[in-house]
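Inspection log for the structure reproduced underneath, given as structure tokens.
Just follow the structure's listing: the first ligand is 1, and inside any ligand the first atom is 1.
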Amino acid sequence: ADSEAPRSGSGSGTDRPAAANGLSERVLKVALITGITGQDGSYLTEFLVGKGYEVHGLIRRSSNFNTQRIDHIYIDPHNANKARMKLHYADLSDASSLRRWLDTIQPDEVYNLAAQSHVAVSFEIPDYTADVVATGALRLLEAVRSHVFATGRSHIRYYQAGSSEMFGSTPPPQSETSPFHPRSPYAASKCAAHWYTVNYREAYGLFACNGILFNHESPRRGENFVTRKITRAVGRIKIGLQSKLFLGNLQASRDWGFAGDYVEAMWMMLQQEKADDYVVATEESHTVEEFLEVAFGYVGLKWQDHVVIDKKYLRPAEVDNLKGDSSKARKVLGWKPKVGFQQLVKMMVDEDVELAKREKVLVDAGYMNAQQQP
Ligand code: NDP
Ligand code: GDR
């Protein structure tokens, strides 16, 4: 791959297909995704490409390649009529880049998934978190608004990745009518992004939706979120590469679903006649301890033999209990989750045991230190 351009070849925006809006004849719709390199971005891209969309993703500059989750979808852009995913450099902190790519790509749907998405880290870098999560969403909304104003492309639809963290200390079950009580800089920033989205809908008539998604996980989940941290450790302990797992609060309860199911709900929101906000959740909640029980138990281990509590993973303010009421999404969108809790945990453990086996080969061959995690 070209080492100087994002792995798309359309980074300059000069090689768009012949049709006026950058669409080749066969393509149904064009989507623009921020956060395409993240967990949800990768599943959403697969989903939209499967529906015949041309997908454009904005990626940020990194000193390492950050496209691992979408490399399997990548097709060399020199094979232009086969490439259905194109990547461009931009950043939610850079308003001009957002407007430029909107004007160039002329998308039908915009999915704002980019975020500094780690709750605990948001206490360490609150200013940056607010800039990307709150003001970043505002920059994108404003870019969409001014793009629509300049071009008359008023059919454009916008999705904002809202979070159950916005409910914070509001007791379950949480629905669209439950009050927000954020408990972290991340959650407060997501609340701001939520209200910016509502405001642009009301003020400018923009088709803008907030998805209020409860936790969703997968084998592609970032390794410092608790589910993946646990399943990575289970795999490595099972294969003999690690013995301890350091965690914080085991009593927090979360409504955990499968990311692949949740990206479908995002798309469904943008296919409705009217823009609205929806809670997306499994409606089942489990503690971190229950997750440990299922994950370790599945491979015949006892979590109590391996887990050590480290206070550094406790948060200054915690969200104790999240359990969604997604009846509106189920009724209006016709959405429901396909993967249940046990199946999700097993899917993640299975993949991470395989990953640990591959690591073991590298360790045994002297290519990797057992402490090292790629
Ligand atoms: P990830 O952390 O896996 O992905 C975040 C994405 O945002 C990555 O592509 C990251 O790029 C990108 N990003 C970060 N900062 C910037 C920036 N300044 N400019 C442009 N891009 C940036 O998150 P998920 O996929 O899990 O979540 C997607 C969205 O949904 C996020 O907004 C998250 O807050 C929200 N959400 C997630 C839930 C979940 O359970 N997963 C639940 C509810 C909401 P890079 O790869 O370079 O780091
Ligand atoms: P969360 O996910 O904060 O719900 O945000 P995370 O997996 O980080 O924490 C879930 C719960 O587990 C507890 N916990 C630990 N968490 C981490 N990360 N590491 C640990 O070692 C650990 N030990 C215990 C936490 O205290 C917490 O209670 C996720 C993110 O994807 C957000 O972007 C998204 O908005 C929400 O889900 C919905």
Side-chain angles (χ1 to χ4, degrees), residues 33-44 57-70 89-94 97-98 111-122 128-129 131-133 135-137 139-140 159-168 182-184 186-187 189-190 193-194 210-218 220-230 233 245-259 262-263 266 279-281 286-289 291-292 307-322 324:
I33 304 178
T34 73
I36 193 168
T37 56
Q39 172 189 251
D40 291 7
S42 68
Y43 283 107
L44 182 62
L58 300 186
I59 68 166
R60 57 182 181 159
R61 194 267 160 180
S62 161
S63 67
N64 286 315
F65 278 126
N66 53 1
T67 54
Q68 297 88 327
R69 292 189 181 96
I70 48 174
Y89 282 122
D91 200 296
L92 277 198
S93 62
D94 185 323
S97 67
L98 303 176
Y111 295 87
N112 183 30
L113 309 185
Q116 188 304 92
S117 72
H118 202 284
V119 173
V121 173
S122 78
Y128 173 77
T129 301
D131 188 44
V132 174
V133 176
T135 312
R139 286 187 193 104
L140 187 57
Y159 173 83
Q160 168 59 30
S163 164
S164 52
E165 282 293 295
M166 299 188 296
F167 296 120
R183 297 273 286 165
S184 63
Y186 166 81
S189 302
K190 280 288 183 190
H194 174 95
N210 285 294
I212 306 175
L213 272 51
F214 282 61
N215 296 53
H216 44 278
E217 320 295 313
S218 73
R220 296 182 203 166
R221 183 57 140 154
E223 295 192 21
N224 58 357
F225 296 95
V226 79
T227 55
R228 187 77 200 291
K229 189 171 165 181
I230 293 170
L245 167 61
F246 296 94
L247 292 175
N249 176 16
L250 306 188
Q251 297 318 315
S253 223
R254 290 290 183 274
D255 180 330
W256 278 300
F258 171 54
Y262 284 46
V263 298
M266 298 175 185
V279 159
V280 179
H286 297 273
T287 61
V288 175
E289 192 174 306
F291 194 103
L292 284 168
V307 170
V308 178
I309 303 301
D310 182 339
K311 286 194 176 131
K312 106 173 162 199
Y313 296 114
L314 300 176
R315 297 169 182 187
E318 178 62 288
V319 171
D320 295 320
N321 198 357
L322 292 174

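Listed for the R60 side chain is no donor-acceptor partner under 3.5 Å among the backbone atoms of D91. A donor-acceptor pair is defined here as one N or O able to donate and one able to accept, closer than 3.5 Å; no such pair exists between the side chain of K190 and the backbone of I212. Formation of a donor-acceptor pair under 3.5 Å by the R69 side chain with backbone atoms of R220 is found in this model. Although no hydrogens or angles enter the test, the distance criterion places no donor-acceptor pair under 3.5 Å between the side chain of N210 and the main chain of G162. Formation of a donor-acceptor pair under 3.5 Å by the T67 side chain with backbone atoms of I70 is not found in this model. Side-chain N or O atoms of D131 include none that pairs as donor or acceptor with a backbone N or O of S93 at under 3.5 Å.
For atom 29 (C) of ligand 2, the choice among R183, R221, H118 with the nearest heavy atom turns out to be R221. Here the shortest heavy-atom distance to atom 18 (N) of ligand 2, taken over L292, L247, N224, belongs to N224. Of the listed residues (G222, A114, A193, S164), the one carrying the non-hydrogen atom nearest atom 22 (C) of ligand 1 is A114.
The two residues S218 and R228 come nearest to each other via the heavy atoms O-CD, 4.0 Å. Taking each heavy atom of S42 and Q39 in turn, the nearest pair found is OG-O, 2.8 Å. Contact record, S62 with N66: CB-ND2, 3.7 Å, taken as the closest heavy-atom pair. Contact detail for N249 and L314: the closest heavy-atom pair is N-CD2, 3.4 Å. Annotation for Y262 and F214: closest pair CE2-O, 3.6 Å, computed over non-hydrogen atoms. The two atoms that bring A317 and R183 nearest to each other are CB-O, 3.5 Å, heavy atoms only.
The shell of residues lying under 4.0 angstrom from ligand 1, judged by heavy atoms, excludes E165. Residue Y128 places a heavy atom under 4.0 Å from ligand 1. The shell of residues lying under 4.0 angstrom from ligand 1, judged by heavy atoms, excludes T34. Ligand 1 lies within reach of G162, whose nearest heavy atom is under 4.0 Å from it.
At the shortest separation from atom 15 (N) of ligand 1 among protein heavy atoms lies R60 NH1, 3.4 Å. Regarding atom 30 (O) of ligand 1, its nearest protein heavy-atom neighbour is A161 CB, 3.5 Å. Nearest non-hydrogen protein atom to atom 13 (C) of ligand 2 is N249 O, 3.8 Å. Looking only at protein heavy atoms, the nearest one to atom 14 (C) of ligand 1 is A115 O, 3.2 Å. Atom 10 (C) of ligand 2 has as its closest protein heavy atom V226 CG1, 3.8 Å. Nearest non-hydrogen protein atom to atom 34 (C) of ligand 2 is Y186 OH, 3.5 Å. What sits closest to atom 17 (C) of ligand 2 on the protein, heavy atoms only, is R315 NH2, 3.7 Å. Of all protein heavy atoms, the one closest to atom 23 (N) of ligand 2 is G248 N, 2.8 Å. Of the protein's heavy atoms, L92 N, 3.0 Å lies nearest to atom 19 (N) of ligand 1. Shortest contact from atom 5 (O) of ligand 2 to any protein heavy atom: V119 CG2, 3.6 Å. Summary of contacts: the protein heavy atom closest to atom 28 (O) of ligand 2 is E318 OE2, 2.9 Å. What sits closest to atom 6 (C) of ligand 1 on the protein, heavy atoms only, is G35 CA, 3.6 Å. Nearest protein neighbour of atom 32 (C) of ligand 2, counting heavy atoms only, is S117 O, 3.3 Å. Distance from atom 2 (O) of ligand 1 to its nearest protein heavy atom, with residue and atom name: S117 OG, 2.6 Å. Looking only at protein heavy atoms, the nearest one to atom 4 (O) of ligand 1 is G38 CA, 3.4 Å. In this structure, the protein non-hydrogen atom closest to atom 3 (O) of ligand 1 is Q39 N, 3.1 Å.
Between F258 and Y43, the angle of the ring planes goes over 60°, which puts this pair in the perpendicular group of the 30/60° scheme.
Taking only nitrogen or oxygen atoms, main chain and side chain alike, F214 does not reach within less than 3.5 Å of ligand 2. The shortest N/O to N/O separation between T37 and ligand 1 falls below 3.5 Å. Between L213 and ligand 1, a contact under 3.5 Å exists for no N or O pair. Looking at N215 next to ligand 2, an N or O pair under 3.5 Å apart turns up. Considering backbone and side-chain atoms together, K190 places an N or O closer than 3.5 Å to an N or O of ligand 1. Ligand 1 has an N or O atom lying under 3.5 Å from an N or O atom of R221, backbone or side chain. Residue K229 has at least one nitrogen or oxygen atom sitting less than 3.5 Å from a nitrogen or oxygen atom of ligand 2, judged on distance alone. The shortest N/O to N/O separation between H216 and ligand 1 falls below 3.5 Å. Among the atoms of D40, some N or O lies under 3.5 angstrom from an N or O of ligand 1. Residue R254 has at least one N or O atom closer than 3.5 Å to an N or O atom of ligand 2. Geometrically, ligand 1 and Y186 share a nitrogen or oxygen pair separated by less than 3.5 Å. Where the criterion is an N or O separation shorter than 3.5 Å, residue side chain and backbone included, F225 fails it with respect to ligand 2. Residue L113 places at least one N or O, backbone or side chain, under 3.5 Å from an N or O of ligand 1. The shortest N or O to N or O distance between D91 and ligand 1 is under 3.5 Å. Every N/O-N/O distance between S93 and ligand 1 stays at or above 3.5 Å.
Residues E165 and L322 form a side-chain contact, since some pair of their non-hydrogen atoms from C-beta on lies under 4.5 Å apart. In this structure, the side chains of D40 and I33 stay at 4.5 Å or more apart for every pair of heavy atoms. In this structure, the side chains of L250 and T287 stay at 4.5 Å or more apart for every pair of heavy atoms. Taking the side chain as every heavy atom from C-beta outward, I230 and V307 never approach each other to under 4.5 Å. Using a 4.5 Å heavy-atom threshold, the side chains of M266 and L113 count as touching. Within the 4.5 Å cutoff, the side chain of F291 has no heavy atoms near those of the V226 side chain.
Salt-bridge formation is detected for the pair R254/E318: a Lys NZ or Arg NE/NH1/NH2 atom is positioned less than 4.0 Å from an Asp or Glu carboxylate oxygen.
Atom-to-atom distance recorded for L58:CG and T34:OG1 is 6.5 Å, nearest 0.5 angstrom.
Residue S164 approaches ligand 2 through these ligand atoms, each under 4.0 Å from one of its heavy atoms: 38 (C).
Considering only residues two or more places apart in sequence or on other chains, Y128 meets the ring pair (Phe, Tyr, Trp, His ring centres under 6.0 Å) condition with none of them.
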